[in-house]
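To keep things clear, I will list the structure first and then write my remarks on it.
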Number of protein chains: 2
Amino acid sequence: MRIGDLAAATGLSRDAIRFYEKAGLLDSARLGNGYRDFPPEAVPWLHYVRTAQTLGFTLAEIARHGERLRDAPDREEGLTALLAEKIAVIDERVAGLLALRADLAERVGSGCALRPGEAIVPDAARLLR
Amino acid sequence: MRIGDLAAATGLSRDAIRFYEKAGLLDSARLGNGYRDFPPEAVPWLHYVRTAQTLGFTLAEIARHGERLRDAPDREEGLTALLAEKIAVIDERVAGLLALRADLAERVGSGCALRPGEAIVPDAARLLR
DNA sequence: CTAAAGGGTGGAGTACGCTCCAAGGTCAAA
DNA sequence: TTTGACCTTGGAGCGTACTCCACCCTTTAG
């Protein structure tokens, strides 16, 4: 498929796709006229890339993941390990969010958000222009 | 406290603190010699800023939160509303992460990560240089 | 044949969140 | 008094992840 089709299928811009290719996230064949020719697998792969991005992975990290997949002697094992790793990252993030949530909820519920010495933002007005 | 003390207390660089001030995240008094003079509350406030940042809030958003705190006629009510809002955002984010986690876990656990037509990365090797 | 739609390249520009530097003022200890 | 630590400002530079643009070629429809 050509870049426009891939863009339509993924919701990405052509420029973004070219950028990903330059970043080593994506490789393409070329047609006789110089046009890029992407395999259909590029669609789920780019969806995966976007997902990983929203999880906070940089493009460089995602590219490294891709390399690991490519180099894995046993493809399935490599992918499983990668997914397990991602799950661990997610769990960490969720735990962090829940801890903060509990912290905030405690202050809200108890109506003591401004109790001296405990407030997150003890005197915000003094700190802001 | 002066900028060096605040930097030491928060683990931030002086440049970062000046940057935050410019960004409207922080206001400081000035000593007679022009040195910035931060109130001790700046320490927990900056910790809060960093926490919010790791949760994915941009500095602009955090600054807006701060402004709302400053402008709230009833300080305590304003803070409580803000915290409640943040909790809602956190809940959304957690839900998204957990959905993704379930999706990944399903593929890992079932050992069918590479089942044709369902694979996240059907043929990564073809897509990478 | 021509015009529009789509593709290619290179390079500039953008937003965010800083870091680093130069040039200079301030202050406390030796 | 001099040294050194600490402070000031302004501006440049950087990495990430793009977007936009100019300029040109290819393909397709009428």
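Just so it is clear: chains get the letters A, B, ... in the order the sequence lines come, proteins before strands, and each one is counted from 1.
In terms of the ring-ring contact (aromatic ring centres under 6.0 Å, His included) criterion, residue partners of Phe57(B) (sequence neighbours excluded) are, by chain and number, His65(B). In terms of the side chain to side chain contact (heavy atoms under 4.5 Å, CB included) criterion, residue partners of Thr58(A) (sequence neighbours excluded) are, by chain and number, Ala60(A), Glu61(A). With sequence neighbours left out, the side chain to side chain contact (heavy atoms under 4.5 Å, CB included) criterion links Ala9(B) to Met1(B), Val43(B). Taking the side-chain hydrogen bond (donor to acceptor under 3.5 Å, both in side chains) definition, one finds that Arg50(A) meets it with Tyr20(A), Gln53(A), sequence neighbours left out. In terms of the salt bridge (charged side-chain N to carboxylate O under 4.0 Å, His left out) criterion, residue partners of Asp15(B) (sequence neighbours excluded) are, by chain and number, Arg18(B).
Side chains of Arg30(A) and Arg36(A) form a contact here, defined as non-hydrogen atoms less than 4.5 Å apart. Proximity of Phe38(B) to Ile3(B): side-chain heavy atoms (C-beta onward) are separated by under 4.5 Å at one or more points.
The separation between Asp5(A) atom CG and dA5(C) atom C1' is 13 Å, rounded to whole Å. At whole-Å resolution of the value, CD1 in Ile17(A) and P in dT9(C) are 14 Å apart. Arg14(A) has its CZ atom 15 Å from the C1' atom of dT9(C), to the nearest Å.
Taking every nucleotide of DNA chain D with any atom under 4.0 Å from a non-hydrogen atom of chain A, the first and last of them, 5' to 3', are dA17(D) to dT27(D).
Contact annotation for Leu31(B): no contact, since no heavy-atom pair falls under 4.0 Å across all strands.
In the hydrophobic clustering of this structure, Phe19(A) groups with Leu46(A); members are Ile, Leu, Val, Met, Phe, Trp, Tyr whose side-chain heavy atoms approach within less than 4.5 Å, directly or through other members. Hydrophobic clustering of Ile, Leu, Val, Met, Phe, Trp and Tyr side chains at less than 4.5 Å, counting indirect connections, unites Leu25(B) with Tyr48(B).
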Please step through side chain to side chain contact (heavy atoms under 4.5 Å, CB included) for the pair Arg2(B) and Leu31(B), ending with a clear verdict. CA-CA 9 Å; Arg2(B) 294 184 311 178; Leu31(B) 299 171; 4.2 Å; yes
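At its two ends the helix from dC1(C)-dG30(D) to dA30(C)-dT1(D) runs along axes set 10° apart, each axis drawn from five pairs and the angle rounded to 10°.
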Protein proximity profile, nucleotides 18-30 of chain C - base contact B, sugar-phosphate-only contact S, no contact -, cut-off 4.0 Å on heavy atoms: BBB----BBS---
